[in-house]
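Written below as structure tokens is the structure these notes are about.
For the numbers below, each heavy atom of this structure counts, side chains included, while hydrogens, waters and symmetry mates do not. Letters go in sequence order (proteins before strands), and every chain restarts at 1.
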2 protein chains.
Amino acid sequence: MSTLMSTAEAARAIDPAPIFAALGDRTRLSLLMRLSDGRTRSITMLAGDTDLTRQAVTKHLRVLQDVGLVESVRHGRESRFTCRPEPLDVARAYLDGVAAQWDDALLRLKAFVEE
Amino acid sequence: MSTLMSTAEAARAIDPAPIFAALGDRTRLSLLMRLSDGRTRSITMLAGDTDLTRQAVTKHLRVLQDVGLVESVRHGRESRFTCRPEPLDVARAYLDGVAAQWDDALLRLKAFVEE
DNA sequence: GAGATACGCAACCTTAAAGTTGCATATTAT
DNA sequence: ATAATATGCAACTTTAAGGTTGCGTATCTC
């Protein structure tokens with residue numbers, strides 16, 4: 001079989017559950033929000049704004065990293081995190097798919113009732 | 001202050017984390033997918049397609065119900081579940097917001113580099 | 001080189017998620 | 001009325017999430 005597919009197709013092929021799970025935590029959403037300005041931040045910087053310990057923040061960043069939502073680059077003694085938006089496309093593609101199926105169902109139902 | 005707001009504004013006002021958390025499980029995503037054809041199903045029906053016990057499915061349905069993703073109506077001795085797409089809009093609005101912020105950041109960065 | 005800074009790793013605690021089993025109760029069908 | 005069906009409730013187990021603390025190591029700064 002061919003392995004060629006568009007990014008949209010690729011997005012649909014990836015299991016979205018782990019991505020949603022990573023997004024399903026307030027602390028992690030907050031970290032993402034702060035990183036979504038495109039700037040890069042160290043763990044200590046990110047932990048400074050929260051009431052959590054650095055280790056807790058590190059764990060959350062690890063969860064985000066495992067699904068590709070952030071990326072880290074070592075820079076001297078600090079590791080700098082950046083937002084990676086690709087998994088968001090996977091999540092959006094999934095939601096769009098469910099919503100589309102839902103809308104189709106409503107249309108068919110309406111057509112059925114009116115015929 | 002006014003409490004008037006559009007559905008889009010309302011969507012942004014709701015904490016999306018619990019919705020994402022509810023979506024962050026394969027079994028629940030599968031339940032949602034099967035319900036997103038708009039048809040109504042009993043717990044036993046939904047549990048029949050899985051390798052889980054009825055009770056496990058009941059718990060998952062409860063999680064989905066708690067964030068408004070499904071709705072149940074008692075009908076005789078069975079309770080029938082229906083998909084409710086509104087929370088999906090909340091999730092989509094949130095993802096769109098983050099993605100937009102991200103795109104803005106890239107634009108500003110580009111402008112900064114080129115100036 | 002010495003001290004401060006930034007991090008990684010590992011152990012540990014607490015709580016909740018996911019799932020099971022057993023039993024009670026309400027409905028439907030015969 | 002009885003038997004079968006569909007569900008609800010509660011107790012219990014297992015495992016993982018979220019968080020902390022302590023300590024070791026690499027890296028800047030002076």
Any N or O donor-acceptor pair under 3.5 Å from the base of C/dG19 to the side chain of B/Arg54?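 Between C/dG19 and B/Arg54, which were checked side chain against base, a qualifying N/O pair under 3.5 Å is absent.
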Given C/dG8, C/dT21, D/dT20, identify the nucleotide with an atom nearest to the side chain of A/Thr53.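 Ranking C/dG8, C/dT21, D/dT20 by closest atom to the A/Thr53 side chain puts D/dT20 first.
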Just compare D/dT20, C/dG8, C/dC7 and give me whichever is closest to any side-chain atom of A/Thr58.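 When the side chain of A/Thr58 is considered, C/dG8 is the closest of D/dT20, C/dG8, C/dC7.
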Are side-chain heavy atoms of B/Met33 and A/Tyr94 found at a separation under 4.5 Å? yes
Within-4.5 Å side-chain heavy-atom neighbours: A/Arg80 and A/Ser72: no
Would you tell me if any nitrogen or oxygen in the side chain of [X] comes within less than 4.0 Å of OP1 or OP2 on [N]?
{"X": "B/His60", "N": "C/dA17", "value": "no"}
{"X": "A/Ser42", "N": "C/dA6", "value": "no"}
{"X": "A/His75", "N": "D/dT27", "value": "no"}

Rounded to the nearest angstrom, tell me the gap between atom [atom1] in [X] and atom [atom2] in [N].
{"X": "B/Lys59", "N": "D/dT7", "atom1": "NZ", "atom2": "C1'", "result": "15 Å"}
{"X": "B/Arg26", "N": "C/dA18", "atom1": "CZ", "atom2": "C1'", "result": "16 Å"}
{"X": "B/Gln65", "N": "D/dT7", "atom1": "CD", "atom2": "C1'", "result": "13 Å"}
{"X": "A/Arg62", "N": "D/dA17", "atom1": "CZ", "atom2": "P", "result": "13 Å"}
{"X": "B/Leu61", "N": "D/dA6", "atom1": "CG", "atom2": "P", "result": "15 Å"}
{"X": "A/Glu78", "N": "D/dA26", "atom1": "CD", "atom2": "C1'", "result": "13 Å"}
{"X": "A/Ile43", "N": "D/dT27", "atom1": "CD1", "atom2": "C1'", "result": "15 Å"}
{"X": "B/Met45", "N": "D/dT7", "atom1": "CE", "atom2": "C1'", "result": "14 Å"}

Tell me what [X] touches on the nucleic acid: a base, only sugar-phosphate, or nothing, going by heavy atoms under 4.0 Å.
{"X": "B/Gln55", "answer": "base"}
{"X": "B/Arg74", "answer": "sugar-phosphate"}
{"X": "B/Arg28", "answer": "sugar-phosphate"}

Going by side chain to side chain contact (heavy atoms under 4.5 Å, CB included), B/Cys83 matches just one of B/Leu69, B/Asp37, B/Leu35. Which one?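 It is B/Leu35, the one option of B/Leu69, B/Asp37, B/Leu35 that forms the side chain to side chain contact (heavy atoms under 4.5 Å, CB included) with B/Cys83.
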Please tell me which of A/Arg77 and A/Asp51 maps to the more 5' nucleotide of DNA chain D, matching each residue to the nucleotide holding its nearest heavy atom.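 Whichever sits nearer the 5' end wins; that is A/Asp51.
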Select from B/Ala56 and A/Arg80 the residue whose nearest nucleotide in DNA chain C is closer to the 5' end of that strand.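 Checking each residue's closest nucleotide, the 5'-ward one belongs to A/Arg80.
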Is B/Arg62 salt-bridged to B/Asp66, going by a charged N under 4.0 Å from an acidic O?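 So B/Arg62 pairs with B/Asp66 through a salt bridge.
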Looking at A/Arg28 and A/Ala22, would you say the former's side chain and the latter's main chain have a donor-acceptor pair under 3.5 Å?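 Yes; judged by distance alone, with no hydrogens or angles, the pair exists.
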